[in-house]
Amino acid sequence: MKYVLVTGGVVSGLGKGVTASSIGVVLKACGPSHPYLNIDAGTMSPFEHGEVFVLDDGGESVLDKERRGDYLGETVQVVPHITDAIKTWVESISLILVDGKEGPADVCVIELGGTVGDMESKPFIEALCQLSFSVGKVVVQENFCLIHVSLIPVLGVVGEQKTKPTQHSVRDLRRLGLTPHLLACRSAQPLLENTKEKLSQLCHVAPSNILNIHDVPNIWHIPLLLRNQNAHHSILQQLNLLSIAMPLDLRDWTKMAETYDNLTNSVRIAMVGKYVGFTDSYLSVVKALLHACVACSLKPSIDWIAASDLEDDTAKLTPEAHAAAWETLKVRFKLNYHPLASTVEGLGMILAAKYARENNVPYLGICLGMQISVIEFARSVLSLERADSTEFDEHTPIPVVVFMPEGSRTHMGSTMRLGSRRTLFQTPECITSKLYHNSEHVDERHRHRYEVNPDVIGILEEAGLKFVGKDDSGRRMEILELPSHPFYVGVQFHPEFKSRPGKPSALFLGLILAATGQLETYLDQHPNTS
C-alpha cells in the first residue's frame with residue numbers, strides 16, 4: 001500500500017481537506033485507486049467540530065478495546081497502545097475501496113487534521129511517523145509521500161511574499177519526525193520564482209515539488225492547478241508508480257469547473273435547522289446542493305433559517321426575526337435538515353414541514369427531518385395533537401418516533417446506528433427508487449439513535465403517508481413519500497455524504513428538479529435500470 005499524507009501548518013483553515021481531495025482527483029485520473037479514512041463520530045457536536053462526516057465503516061477507538069478487556073488490565077498508554085491502534089486502523093481502512101472498483105487500492109490519501117504543533121495531533125503524528133518508517137524502503141521511501149500545506153502571506157504595502165512562517169512550520173514538522181516531500185503553498189496570488197527558490201533552499205524541497213495553490217474562482221479549479229504544476233508526476237515519482245500510471249485526463253473535470261464559473265441562473269433554497277449560525281455544520285449538505293444545482297445548470301442561493309425563529313414564542317420575544325424567518329420560508333422550495341439526534345427546536349421544524357406539505361412546496365427531510373415530517377403528519381392529518389418523539393418528550397402518550405431498541409440509554413459512546421446500511425425499496429414506482437435508478441435497494445450512510453415507531457406505520461399509511469423504503473428486517477423505516485405531493489420525501493439516512501462533483505446525490509438532484517419543474521421529464525428519460 002502507498003500512502004499520501006497531507007499535513008498543515010501556520011494556521012488552521014488553509015484547505016488541507018481541499019488539497020487532499022484534489023490530490024485524490026488527480027491521482028484517480030492517472031489510474032491508481034485510493035480510499036479515504038474516518039473516525040467514529042457518534043458523539044461529536046457540530047457546535048464544536050463543524051460537520052460530523054460519516055463514511056461507510058463504523059470505526060473503533062482504543063477505549064472501546066480497553067472496555068472490552070483487549071488489554072487485559074494493562075495500563076493504556078499513548079505509546080504504544082494509542083499509536084499502535086491508529087496505525088492498525090489506518091492500515092485496515094486503507095484496504096477499503098470507495099470508488100466501486102474491485103481489487104486492492106493503490107494509494108491511500110490521509111489528511112492529518114489540525115495544525116502541526118497542536119497537542120491534540122501529537123499521538124497521530126507519532127503513529128504516522130512509525131507508519132512511514134514501517135512501510136518505507138531502507139534506501140528510498142517509495143511507499144510514503146508527505147505533502148505539507150502552508151501559508152505564504154503578504155505583509156505591508158511592499159507586497160513581499162513571506163516564507164518565514166512556512167520555514168518554521170517545516171522545521172516543527174521535522175522535529176516531530178516527519179519530512180515533507182512536497183510543499184503546497186497557499187497564497188492569494190501566484191508564487192514568484194524567487195519565493196519558490198527561497199523555499200526550496202531553506203526547506204530542502206526540490207523546486208519542482210513546491211506547489212502553489214493560490215486563490216481561484218471556485219475550488220474545482222484546484223485539481224487543475226495541481227495538474228498544471230505536474231503535481232501528479234511528483235507524487236507518482238515519489239511513490240514509484242509512474243510505470244503503471246496512465247496519461248492524466250481531466251477533460252470532464254475541466255468542463256465542470258468552467259461550467260460552474262459561467263452559471264448565471266440561480267435557485268433559492270430555504271435551509272431550516274438548529275445550527276444555521278454555524279454553517280460548517282451543514283457543509284456536506286451545501287456541497288450536495290451545489291453538485292445538484294450545477295448538474296441542472298443553476299447556482300444555489302441558500303437562505304438559512306433558524307428553526308426556533310419560526311415558533312410562536314419568537315413572535316413575542318423578537319417579532320422581527322419571526323417575521324423574517326417566515327418570509328424567507330415562503331420561497332420556491334425548502335430543505336429541512338438536522339444532522340444530530342438531539343434538539344430543542346423541534347417545533348420550528350414541524351411548522352416548516354407543515355408549510356411545505358400544505359403548500360405543495362418540494363421538501364427533503366434528512367434524518368431528524370424525516371422524523372419531524374412524521375410528527376407533523378400525525379398531529380395535523382391524524383389529529384393526534386400529542387404525537388411526539390420520545391427524544392423531545394420522554395413521556396409522550398403517542399410516541400411516533402422512539403429510541404432504537406438496540407441502543408443504550410446509559411452509554412453515549414458507540415451507541416449510534418452508524419455507517420452504510422442497505423435500504424430495500426417496497427415498490428419500484430416510488431419517486432426515490434426512480435431517482436436512484438434502482439428498483440430494489442440503495443446503500444446510504446446513517447447516523448441516528450431514534451427511529452419511526454413501527455407500531456404506528458399502519459395508521460400513517462392509511463392516511464396517505466407511504467414508507468417506500470425499509471431495512472432488511474422490514475420494521476425500520478428508511479424512506480417516506482407523500483404520493484399526493486409533487487416532492488415530499490423524508491429519509492433516515494444522510495444522502496449528502498455520498499454526493500460528488502459530477503455525480504450528485506439522487507435525492508438532492510430530485511429536489512432541485514422538482515423545484516424547477518423538471519422532475520417528471522427527468523424520470524421519464526431515466527427509467528430504472530434494475
Is there a donor-acceptor pair under 3.5 Å between the side chain of [X] and the backbone N or O of [Y]?
X	Y	result
Q229	N212	yes
S121	D118	yes
K2	L241	no
S94	E91	yes
H181	L146	yes
S433	E429	no
W253	P501	no
H485	F487	yes
K498	D443	yes
N359	V361	no

How long is the span from the [atom1] atom in [X] to the [atom2] atom in [Y], to the nearest 0.5 Å?
X	Y	atom1	atom2	value
M349	E376	CE	CD	12.5 Å
I23	K28	CD1	NZ	15.5 Å
L523	L519	CG	CG	4.5 Å
N209	I147	CG	CD1	9.0 Å
I512	C296	CD1	SG	6.5 Å
M256	K503	CE	NZ	13.0 Å

Just wondering, do [Y] and [X] contact through their side chains at under 4.5 Å, heavy atoms?
X	Y	answer
L263	L298	no
V374	F467	yes
L310	V272	yes
V442	R422	no
K470	T423	no
R227	T254	yes
H494	C367	yes
T328	W304	no

Salt bridge flag under 4.0 Å for residues [X] and [Y]:
X	Y	answer
R268	D303	yes
E444	R421	no
R186	D215	yes

Show your reasoning for whether side-chain contact (heavy atoms from CB on, under 4.5 Å) applies to F508 and I366.
CA-CA 11 Å; F508 282 85; I366 300 174; 3.6 Å; yes

Does [X] [atom1] have over 12 foreign heavy atoms under 6.0 Å away?
X	atom1	result
Q189	CD	no
D249	CG	yes
K466	NZ	yes
K434	NZ	yes

Between W326 and Y355, how do the two ring planes meet: parallel, tilted or perpendicular, split at 30° and 60°?
perpendicular

If the plane angle is over 60° it's perpendicular, under 30° parallel, otherwise tilted; pick one for Y436 and F425.
tilted

Testing the basics here: between [X] and [Y], what is the closest heavy-atom pair and its distance to 0.1 Å?
X	Y	value
E111	G17	OE1-CA, 3.5 Å
N143	L239	C-CD2, 3.8 Å
I210	L191	CG2-CD1, 4.4 Å
H148	G8	CE1-C, 3.5 Å
G369	Y363	O-OH, 2.9 Å
P180	V170	CG-CG1, 4.0 Å

Testing Q371, H446, E478, R476 for side-chain hydrogen bond (donor to acceptor under 3.5 Å, both in side chains) with Q492, which one passes?
Q371

Run the side-chain contact (heavy atoms from CB on, under 4.5 Å) check on E520 and I431 step by step: do they pass?
CA-CA 10 Å; E520 288 189 13; I431 288 177; over 6 Å; no

Side chain to side chain donor-acceptor pair (under 3.5 Å) assessment of S505 paired with E496
CA-CA 6 Å; S505 161; E496 71 274 17; over 6 Å; no

Assess whether side-chain contact (heavy atoms from CB on, under 4.5 Å) is satisfied between L112 and L5, documenting all intermediate values.
CA-CA 7 Å; L112 177 62; L5 171 62; 4.0 Å; yes

What verdict does the side-chain contact (heavy atoms from CB on, under 4.5 Å) test give for V205 and L199, after you've listed the backbone C-alpha separation in whole Å, the side-chain angles of each residue and the deciding distance to 0.1 Å?
CA-CA 7 Å; V205 176; L199 285 168; over 6 Å; no

State, without any angle test, whether H214 and S187 hold a side-chain donor-acceptor pair at a distance under 3.5 Å.
no

